[in-house]
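Fair warning: this is a prediction, and the values are worked out from it, not measured in the lab. All residue numbers refer to positions in the sequence shown, counting from 1.
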Amino acid sequence: MTPDDLLARHDLLGILSADERQALLRHVAVRAVAAGQTLFRRGDPGDGLYGVLSGGIVVTVESAEGKELILNRFGPGEFFGEIALLDGKGRTANALVREAGRLLFLPRGEFLPFLERRPALAVRMIALLCDRLRRTTELFEDAALQDVPVRLAKQLSALAARQGAGTGETVAISQAELAQTLGVSREIVSRHLGVWREAGLVELGRGRIRIRDRAPLHRIVAGG
């Protein structure tokens, strides 16, 4: 994926004309990132907007005891870091590289004037932020009210839809990352996945989970 592809295909910036994209691209930088690298930590200055050209990013928060919770995952074609970019305050979470790749970086000082001159783009940015807020609210609501199997089925279904996986497709996530996303131990996730494997719902691999049929997962989410 090229930087122009990233802007053209994205829900937020895809409304730009070809000339507007080229004007914006003059201000971006492309950075190679390595697995395990920390892009920023909570409280760091919101100095710019990131877009994923290749690789994978996770956004996390930590408790006082050092326990890590994954709030979101971003892959090719997605942007992250908008909140601190817009309000000029510190980053609200940590961003870590899970899969090596290439990122587009757009400095805050260049993006804000560009956004101010395009009200339609600003409206889309608001919608995107609202969607992120809803997802975070659902995450904490599920943690408080839903049993682990329901939360696990819901997360796998969402990842399959987000990554474009269908029946018989594979979701790229490890059991440890699933546990961090749900805020439970890896052993609990492994136990439930083991039961689903025996039932023929999933196949388990290293850093991969193959969903044989999403319909049973949907029934679990619905309470079936």
Side-chain angles (χ1 to χ4, degrees), residues 1 3 6 10 12 28-108 111 128-129 131-140 142-143 151-152 154-156 158-165 170-190 205-209:
M1 181 179 295
L6 179 61
H10 192 258
L12 173 64
V28 307
V30 175
R31 301 177 177 178
V33 292
Q37 181 178 339
T38 299
L39 293 177
F40 54 76
R41 301 198 68 83
R42 185 173 183 175
D44 286 351
D47 56 349
L49 178 69
Y50 287 90
V52 184
L53 294 166
S54 62
I57 307 295
V58 292
V59 174
T60 71
V61 291
E62 296 176 355
S63 68
E65 296 77 24
K67 184 177 180 180
E68 187 178 69
L69 177 67
I70 295 177
L71 296 180
N72 217 332
R73 306 171 85 245
F74 297 100
E78 297 181 299
F79 284 82
F80 62 96
E82 297 91 348
I83 294 177
L85 172 79
L86 292 178
D87 68 13
K89 298 180 181 179
R91 298 287 186 183
T92 59
N94 311 316
L96 312 173
V97 181
R98 278 294 188 262
E99 299 175 30
R102 297 163 63 244
L103 302 180
L104 176 151
F105 179 76
L106 180 59
R108 182 174 189 268
F111 182 68
L128 176 65
L129 294 177
D131 182 67
R132 298 272 172 85
L133 179 59
R134 288 178 186 276
R135 187 189 182 283
T136 302
T137 300
E138 288 177 2
L139 179 68
F140 287 104
D142 286 347
R151 293 162 55 198
L152 180 57
K154 188 174 182 179
Q155 184 66 23
L156 282 177
L159 287 172
R162 190 171 179 179
Q163 296 182 19
T170 300
V171 172
I173 190 171
S174 68
Q175 295 184 35
E177 284 187 355
L178 266 178
Q180 289 176 302
T181 302
L182 299 177
V184 299
S185 70
R186 185 189 183 282
E187 290 73 20
I188 291 176
V189 168
S190 180
R206 186 176 181 84
R208 299 288 188 272
I209 299 173

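By the 4.5 Å heavy-atom criterion applied to side chains, L39 and R31 are not counted as neighbours. For the pair V58 and T181, the minimum side-chain heavy-atom distance is 4.5 Å or more.
To the nearest 0.5 Å, atoms OG1 (T60) and CD (E68) are separated by 4.0 Å. Atom CG of D44 sits about 11.5 Å away from atom OG1 of T92, to the nearest 0.5 Å. Note that the CG atom of L96 and the CD atom of Q37 stand 10.0 Å from one another [nearest 0.5 Å]. M1 CE to L6 CG: the interatomic distance, rounded to the nearest 0.5 Å, is 6.0 Å. Interatomic distance, CZ of R73 versus CZ of R98, reported as 8.5 Å (0.5 Å rounding). Rounded to the nearest 0.5 Å, atoms OH (Y50) and CD1 (I57) are 9.0 Å apart.
Between D47 and F105, the closest heavy-atom pair is O-CZ, 3.7 Å. Of all non-hydrogen atoms in N94 and R41, the two that sit nearest each other are OD1-CA, 3.3 Å. Nearest heavy atom pair, residue L53 against residue V30, reads CD1-CG1, 3.9 Å. Taking each heavy atom of V189 and A179 in turn, the nearest pair found is CG2-CA, 3.7 Å. Pairing each heavy atom of E177 with each of I70, the nearest pair is O-CD1, 3.6 Å. Between A34 and A100, the closest heavy-atom pair is CA-CB, 4.1 Å.
Taking the six-membered ring for Trp and thresholds of 30 and 60 degrees, F80 and F74 have nearly parallel ring planes, at less than 30 degrees apart.
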Could you please spell out the steps behind the side-chain contact (heavy atoms from CB on, under 4.5 Å) verdict for V52 and L103? CA-CA 5 Å; V52 184; L103 302 180; 4.0 Å; yes

Given side-chain contact (heavy atoms from CB on, under 4.5 Å), test L159 with I209 step by step and report yes or no. CA-CA 11 Å; L159 287 172; I209 299 173; over 6 Å; no

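Using modelled atom types, one side-chain atom of R91 and one backbone atom of G81 make a donor-acceptor pair closer than 3.5 Å. The backbone N or O of L152 sits nowhere less than 3.5 Å from a side-chain atom of Q155 that would complete a donor-acceptor pair.
The environment of CZ in R108 is crowded: more than 12 heavy-atom neighbours from other residues, nucleotides or ligands sit within 6.0 Å.
For E99, there are no side-chain hydrogen bond (donor to acceptor under 3.5 Å, both in side chains) partners at least two apart in sequence or on another chain.
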